[in-house]
Amino acid sequence: MSLMVAVSACFMALSFALLTTLALRHAVLGRRDQHTADAERRMRPLAIGLMEDGDPVPDLSQADQRALATVMGRYSRKVSGGTSERIGGYFREGGGLAAELEGMRSRRAWRRAAAAYALGDMACPEVVPMLAAALEDRNDEVRAAAVRSLGRLRDPTVTETLVESLVAHRVPRGMAGAALLQLGSDAVPELRRIAAHEDAAVRQVAMTVLGLVGDSGDADVALVALRDPAADVRAAAARALARIGTGSAEPALREALGDPEHFVRAHAARALGAIGAYTAVPRLVEIARTDRFKPARAAAQAVAAIDPETLVAEAAGPDAGAHLHEAADLALI
Amino acid sequence: MSVVQAILGLLSWFALAYFAFLAGLYTWFTLVAWRTLAALRRARAYAPLDEIYASPFAPGVSMLLPAYNEEAGVVASATSLLALRYPRHEVIVINDGSTDGTLQQLQEAFDLVPVREALRSRIPAKPLHGAYVSRRHRNLWVLDKENGGKADALNAGINAASHPYFCAVDADAILEDDSLLRIVKPVIDDPDGLVAAAGIIRIANGATISGGRMLDFRLPRSRLATMQVVEYFRAFLVGRIGWDSLGALLVVSGAFGLFRRSAVEEVGGYALGTVGEDIELVVRLQARLRERHAKFRIAFVPEPTCWTEAPEDLKTLSTQRRRWQRGLGETLWRHRRMMANPRYGAVGLLALPYFLVAEFLGSVIEVFGIFIVVAAVATGAVTVSALLAYTAVSMLIWILLSFSAILLEEYAIRRYVHGRDIAKMVLYSLSESIGYRQLNAFWRCQAMVDLARRRKGWGTMPRRGLERPTEAPPGRMTRV
């Protein structure tokens, strides 16, 4: 009995403590959020002046300095060239860079991850080796933040490191893909080189990204990859040719319509549609009628892209099938 | 002391032990939730949402919106799904043989045109009357099919989905615009292992919504709905996080859940003939994947938010709770071979026994517990002061858990910024143990009678629609 009373008293005390914490927390957070929003609003003109004209920064309170750094970091994601250099200069001279470099050495994983993320917004290219080394960090969030920041800093020398980290599953595929995409056309020479890598997974990623950041001058690499022994690489090559391919890719893509893997056939059909391969229409119609769901749908959509009139005529036939019907109806909208 | 007194005394101590077990489990889950949400709060500083949005590797997602007589809210829901911030998604509304103006509302709002859509046939589903695509939003499809229930509608949607992941969303639900980016994050982190992900469900009755978007987060005016707000906090911020930490998550709410399409196709899609198709699918996925010794994860993600309409009257709430209990009972029966079976790891040894004892039979224990303790006091087996102490302890446990859940919400997520709303939640937590809990237990006992009578069907609820106050037709509700 006395035990129950004691337990009740404990619970009541705990409930009271939780309530007090809740009230305090609500008051503190509400005020802090308001102050942060106000400070960021005040710092915005200062940040723009600093970035555009190199205006000097007046003496600021610590809270305002933090707000200015937040605003500058946000803007750095959208600028380049001289503006970017001025942002880098601000963080170097203002101590922001030094603080985050210190954060990278923290024993706490979340602090290292936050630092790795922040470094990507400081426009200081000298941190690239440290971020590349962070791709080996034992914590996955630190690695993910590092790969994101390497993308932001757009240094093409890290292309192969990024691809290898992606293939080795050290960093999330989606994050590394976004980072490689941010490197843009500067990464093309490296991507062309690693498109012949011994590891099929590396070749696949190289082809995928080359298809996104390359141009028609890189189609030769994709045409070679279309005969790769690995089906995933062939599919990535066909997907790349949909964007960077020209009429010269048509024979190889038509051949790929006979690939044993259905997803390669689907990508080849899409690529033929994208490059407008008129002579491939009869074969595409046949695939739309007879193949599995994915290549058949892709082939019908390719016919819609190349020659809508033929598609509508074929769809009116007695043995047109569901995919030609669907593509024809969509083409008529 | 007579034998009767001895038995009653023993039973009352058993009831106390049961409460102590639950309190212990929830205390443990609360501690896990604190740790998880503290990490989540810190991780916000480096959440790569913009990068996922820009990534060519972000997986395509098909949003499935089954709708049966949902004319009050279906347009707002579809609009909110179309407005989601995500690089590659389509919306498939499945009109499951509605007898109201659901299809007409969609046609008027989105300028639909008929299309002879090519569908996969991997999962059997009732035949289609037609398929439509929107002239205004080419990623919006509407399937008009014969009525077959929610599970059948979802199966038809899976057959029509063109992306590798699908997200099932209730037609009365509104997603926040970055919910899809956030729920996909575990897929980005572990694309080979992630099979399903659950988001958090919140109650939207008091919120201001316009154009399918949440403008202001306020508590409902209805007392009953406010009571459910705190209940949902406990269920999601404590329960789901706890079970996720054990790798034994059994519920991915039908209102908002992401699934790998191929995994669901392999297990045959949603099961027909149960009102708990969401929990049943997850338990079946857990069973098949564990039997295959596959490395997989079914995750709970606390930030992606789905807002849904809660019942505001006792009759509707009882219908909903009875249905949930029936769904749970049906699932436990279908998968009884997994119960206490070490082959299924934490699911067989912990989660299913917990759901059987605490969630399913718990209502019986609670209702009979009250009678037993009163009888024990009447016969002198237990003193009045002991009864009062017992009552105080059991009430304080739930008050403590509720306060803790509110604090968790305030600490890590903070959707309710008005102090008055927080105070209101605290006050309602104090009164939850008087009446509301007992009513819930009573409804769940009634559901067991329904099960014994093999009662089927979803029941009905008057729906007002989240965006506009209309007199609404019967509809369906969401599992918590």
Side-chain angles (χ1 to χ4, degrees), chain A residues 1 3-5 7-8 10-12 14-15 18-19 21-23 25-27 29-30 33 77 110-111 113-114 116-118 140-141 144-145 147-148 151 166 169 172-182 208-209 212 293 296-297 300 315 321-330 332-333, chain B residues 16 38-39 42-43 45-48 50-59 113-122 131 133-135 138 162 184-185 187-192 383 385-386 388-390 392-393 395-397 399-400 403-404 406-407 410-411 414 416-417 419 422-423 426 430:
Chain A
M1 178 60 200
L3 174 72
M4 299 291 269
V5 173
V7 170
S8 300
C10 279
F11 283 170
M12 283 178 82
L14 260 173
S15 301
L18 280 177
L19 266 186
T21 315
L22 182 63
R25 179 86 198 157
H26 185 75
L29 276 182
D33 287 354
R77 298 171 197 173
W110 67 266
R111 181 69 190 94
Y117 189 91
D140 52 356
E141 289 190 329
V147 80
R148 171 263 177 203
L166 187 158
H169 301 291
R173 209 180 291 168
M175 296 291 300
L180 285 163
L181 200 59
Q182 284 193 316
T208 303
V209 182
L212 294 165
F293 191 92
R297 180 178 256 186
H323 297 287
L324 287 171
H325 284 156
E326 180 188 78
D329 287 353
L330 287 171
L332 289 172
I333 293 170
Chain B
L16 189 64
R42 286 194 297 260
Y46 47 90
D50 291 342
E51 285 73 17
I52 296 173
Y53 187 61
S55 175
F57 292 84
V113 285
V115 168
R116 289 166 290 178
E117 194 189 6
L119 295 175
R120 287 180 194 82
S121 51
R122 286 196 70 174
V133 71
S134 166
R135 244 191 262 267
R138 291 296 289 268
S162 57
V184 159
K185 169 83 172 35
V187 179
I188 300 281
D189 291 344
D190 182 15
D192 300 324
T383 63
S385 51
L388 290 175
Y390 158 84
V393 167
M395 278 174 66
L396 280 165
I397 286 170
I399 289 171
L400 205 56
F403 283 3
S404 189
I406 298 168
L407 189 56
E410 177 65 16
Y411 171 72
R414 244 183 145 241
Y416 297 98
V417 291
I422 308 283
V426 167
L430 290 171

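Model, not experiment: these values are computed from the prediction. Chain identifiers are assigned alphabetically (A, B, ...) following the order of the sequence lines, protein sequences preceding nucleic acid strands; residue numbering begins at 1 within each chain.
Your options are A/A144, A/A176, A/G177, A/A322, and the one with the most heavy-atom pairs under 4.5 Å with chain B is A/G177. Annotation: maximal heavy-atom pairing with chain B below 4.5 Å, among A/L29, A/T21, A/L212, A/L324, occurs at A/L29. If you tally non-hydrogen atom pairs under 4.5 Å between each of B/G419, B/A392, B/A423, B/A58 and chain A, the highest count goes to B/G419. Listed options A/A114, A/C10, A/S15 were ranked by heavy-atom pairs under 4.5 angstrom with chain B; first place goes to A/S15.
Within the 4.5 Å cutoff, the side chain of B/P114 has no heavy atoms near those of the A/D329 side chain. A 4.5 Å side-chain heavy-atom check between B/D192 and A/H169 finds at least one atom pair inside the cut-off. The closest side-chain heavy-atom distance from A/V147 to B/E51 is not below 4.5 Å. Side-chain contact between B/V115 and A/I333: present, with at least one pair of heavy atoms (C-beta onward) separated by less than 4.5 Å.
If you measure heavy-atom distances from A/R25 to chain B, the contacts under 4.5 Å come from both the backbone and the side chain. With a 4.5 angstrom heavy-atom cutoff, A/L181 touches chain B only via side-chain atoms. Using a 4.5 Å cut-off between heavy atoms, B/L400 touches chain A through backbone and side chain atoms alike. Using a 4.5 Å cut-off between heavy atoms, B/A131 does not touch chain A at all.
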Side chain to side chain contact (heavy atoms under 4.5 Å, CB included) between B/R42 and A/R111, worked out: CA-CA 9 Å; B/R42 286 194 297 260; A/R111 181 69 190 94; over 6 Å; no
Step-by-step side chain to side chain contact (heavy atoms under 4.5 Å, CB included) determination, B/F403 to A/L22: CA-CA 8 Å; B/F403 283 3; A/L22 182 63; over 6 Å; no
Audit row: B/D189, A/D140, side chain to side chain contact (heavy atoms under 4.5 Å, CB included) steps and yes/no: CA-CA 9 Å; B/D189 291 344; A/D140 52 356; over 6 Å; no
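The backbone N or O of A/L330 lies less than 3.5 Å from a partner atom in the side chain of B/R138, making a donor-acceptor pair.
The CG atom of A/L14 lies 11.5 Å from the CD1 atom of B/I397; values are rounded to the nearest 0.5 Å. Note that the CZ atom of A/F11 and the CD1 atom of B/I399 stand 11.0 Å from one another [nearest 0.5 Å].
A salt bridge does not link B/D50 to A/R148: none of the charged side-chain nitrogens sits closer than 4.0 Å to a carboxylate oxygen. Of the charged side-chain nitrogens involved, at least one lies within less than 4.0 Å of a carboxylate oxygen, so that B/E117 and A/R297 count as a salt-bridged pair.
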